[in-house]
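Read through the structure below, which is laid out as structure tokens, and then see the notes.
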Amino acid sequence: MNLFTFDEITAYSDQKETADTAEFEVVVTDAMMKKFYEICGDQNPMHTDVLYACENGYKDRLVYGMLTASFYSTLAGVYLPGKYCVLQKVESSFHRPVYIGDRLTIWGRVKDKRESVRRITVEALIRNQNGEKVSKALIYAGVIK
């Protein structure tokens, strides 16, 4: 877990050539899908029934979009900024389906820092093992130290 303080974070908007970035990988498993179902109770057959998903144009049942988006929380709470993060807002969109077994790369870059409210904005992307963008987001996180 990173321990970035607000003063240590470099944002792209600071007119610097580099900004703080982070990246990690996750393989989506059936066990993750089951746990997510237990938590949220979303029984939509697109997530629970292979035949139904295939009949509707997909190659397998779909991973929950919010399970995929939950990795944005990990990006902020573990990597950018890490321990001193208070997640305030996530604006995400979904671009391609995610399937069990997909290897996702979650990437983020600090886009902006707001001194007056001690908040950073992280632009984030999730790509699958084929390099295809499956989701993007803007993450707004307060930094308490």
Side-chain angles (χ1 to χ4, degrees), residues 1-6 8-14 17-114 117-145:
M1 178 176 297
N2 287 330
L3 303 172
F4 291 123
T5 64
F6 187 80
E8 294 171 330
I9 296 169
T10 302
Y12 184 73
S13 65
D14 291 339
E17 290 190 25
T18 61
D20 287 322
T21 62
E23 181 176 293
F24 67 98
E25 288 188 356
V26 173
V27 175
V28 181
T29 66
D30 186 56
M32 289 175 178
M33 287 287 286
K34 289 177 181 171
K35 287 179 183 177
F36 196 85
Y37 172 78
E38 289 174 14
I39 292 167
C40 74
D42 182 348
Q43 57 185 316
N44 183 300
M46 292 299 273
H47 307 298
T48 61
D49 185 333
V50 175
L51 183 59
Y52 181 84
C54 290
E55 288 172 347
N56 285 282
Y58 296 95
K59 67 179 186 179
D60 202 341
R61 56 193 176 115
L62 301 177
V63 169
Y64 294 101
M66 295 311 290
L67 172 58
T68 302
S70 74
F71 299 122
Y72 293 131
S73 178
T74 305
L75 180 64
V78 176
Y79 297 96
L80 285 176
K83 181 177 181 178
Y84 305 124
C85 171
V86 176
L87 192 59
Q88 296 175 334
K89 181 178 178 180
V90 177
E91 297 173 355
S92 63
S93 58
F94 305 101
H95 300 269
R96 298 180 85 72
V98 174
Y99 300 101
I100 295 170
D102 280 357
R103 181 178 34 85
L104 303 178
T105 301
I106 299 87
W107 173 88
R109 173 175 70 177
V110 179
K111 179 180 179 179
D112 191 40
K113 272 175 75 171
R114 298 291 170 172
V117 290
R118 297 183 63 82
R119 182 175 76 191
I120 64 171
T121 304
V122 176
E123 57 184 351
L125 292 172
I126 299 177
R127 295 188 185 277
N128 65 18
Q129 65 277 1
N130 301 317
E132 300 164 325
K133 178 174 57 175
V134 299
S135 178
K136 71 177 182 177
L138 285 177
I139 303 166
Y140 301 88
V143 185
I144 62 172
K145 287 197 177 209

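For the numbers below, each heavy atom of this structure counts, side chains included, while hydrogens, waters and symmetry mates do not. Numbers here simply count residues along the sequence, with the first being 1.
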Taking only residues two or more places apart in sequence, or in another chain, which ones meet Phe94 in a ring-ring contact (aromatic ring centres under 6.0 Å, His included)?
->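 Counting only residues at least two positions away or on another chain, Phe94 forms no ring-ring contact (aromatic ring centres under 6.0 Å, His included).
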Can you find a heavy atom in the side chain of [X] that is under 4.5 Å from one in the side chain of [Y]?
| X | Y | value |
| --- | --- | --- |
| Tyr72 | Ser135 | yes |
| Lys113 | Phe6 | yes |
| Asn128 | Leu104 | yes |

What residues, two or more places apart in sequence or in another chain, satisfy side-chain contact (heavy atoms from CB on, under 4.5 Å) together with Asp42?
->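 Checked Asp42 against side-chain contact (heavy atoms from CB on, under 4.5 Å); matches are Cys40, Asn44, His47, Tyr64.
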side-chain contact (heavy atoms from CB on, under 4.5 Å) against Ser70, all qualifying residues, sequence neighbours excluded |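 Ser70: side-chain contact (heavy atoms from CB on, under 4.5 Å) contacts with Leu67.
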Can you give me the closest heavy-atom contact between [X] and [Y], atom names plus distance?
| X | Y | answer |
| --- | --- | --- |
| Cys54 | Lys59 | SG-O, 3.6 Å |
| Gln88 | Ala141 | OE1-C, 4.1 Å |
| Asp60 | Tyr99 | O-CE2, 3.4 Å |
| Cys85 | Ala76 | CB-O, 3.6 Å |
| Pro81 | Ile9 | CB-CD1, 3.7 Å |
| Thr10 | Val110 | O-CB, 3.6 Å |

Residues Val28, Val98; criterion side-chain contact (heavy atoms from CB on, under 4.5 Å); working and verdict | CA-CA 9 Å; Val28 181; Val98 174; 4.2 Å; yes
Within a radius of less than 6.0 Å around OH of Tyr58, do more than 12 heavy atoms belonging to other residues, nucleotides or ligands occur?
->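 Count not over threshold, so no.
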Gln43, CD: over 12 other non-hydrogen atoms inside 6.0 angstrom |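 No, the 6.0 Å shell around CD holds no more than 12 heavy atoms from other groups.
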Any chance you could lay out the side-chain contact (heavy atoms from CB on, under 4.5 Å) test for Ile100 and Val63, step after step, and finish with the verdict?
-> CA-CA 6 Å; Ile100 295 170; Val63 169; 4.3 Å; yes
State the [atom1]-[atom2] distance between [X] and [Y], to the nearest 0.5 angstrom.
| X | Y | atom1 | atom2 | result |
| --- | --- | --- | --- | --- |
| Tyr140 | Lys111 | OH | NZ | 7.0 Å |
| Phe4 | Asp20 | CZ | CG | 5.0 Å |
| Phe24 | Ile106 | CZ | CD1 | 4.0 Å |
| Thr21 | Tyr79 | OG1 | OH | 12.5 Å |
| Arg114 | Ile120 | CZ | CD1 | 12.5 Å |
| Asn2 | Glu8 | CG | CD | 10.0 Å |

Scan residues 28-41 for pairs that pass side-chain hydrogen bond (donor to acceptor under 3.5 Å, both in side chains), counting only residues two or more places apart or in two chains.
->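 Qualifying pairs, neighbours excluded: Asp30-Lys34, Asp30-Arg61.
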Using the side-chain contact (heavy atoms from CB on, under 4.5 Å) rule, take Thr121 and Leu138 through it: C-alpha gap first, then chi angles, then the decisive distance, then the call.
-> CA-CA 7 Å; Thr121 304; Leu138 285 177; 4.1 Å; yes
Go through the structure and list residues passing salt bridge (charged side-chain N to carboxylate O under 4.0 Å, His left out) with Arg109, not counting sequence neighbours.
->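 Partners of Arg109 by the salt bridge (charged side-chain N to carboxylate O under 4.0 Å, His left out) criterion, ordered by chain and then number, come out as Glu123.
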Lys145 backbone acceptor or donor facing Arg118 side chain under 3.5 Å =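 It does hold such a pair.
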Which pairs, with at least one residue in residues 83-96 and sequence neighbours excluded, count as a salt bridge (charged side-chain N to carboxylate O under 4.0 Å, His left out)?
->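 Every salt bridge (charged side-chain N to carboxylate O under 4.0 Å, His left out) pair that includes a residue of residues 83-96, provided the two are not neighbours, is Lys89-Glu91, Arg96-Glu132.
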Just do the side-chain contact (heavy atoms from CB on, under 4.5 Å) check on Leu87 and Ile139 with the steps written out, would you?
-> CA-CA 8 Å; Leu87 192 59; Ile139 303 166; 3.5 Å; yes
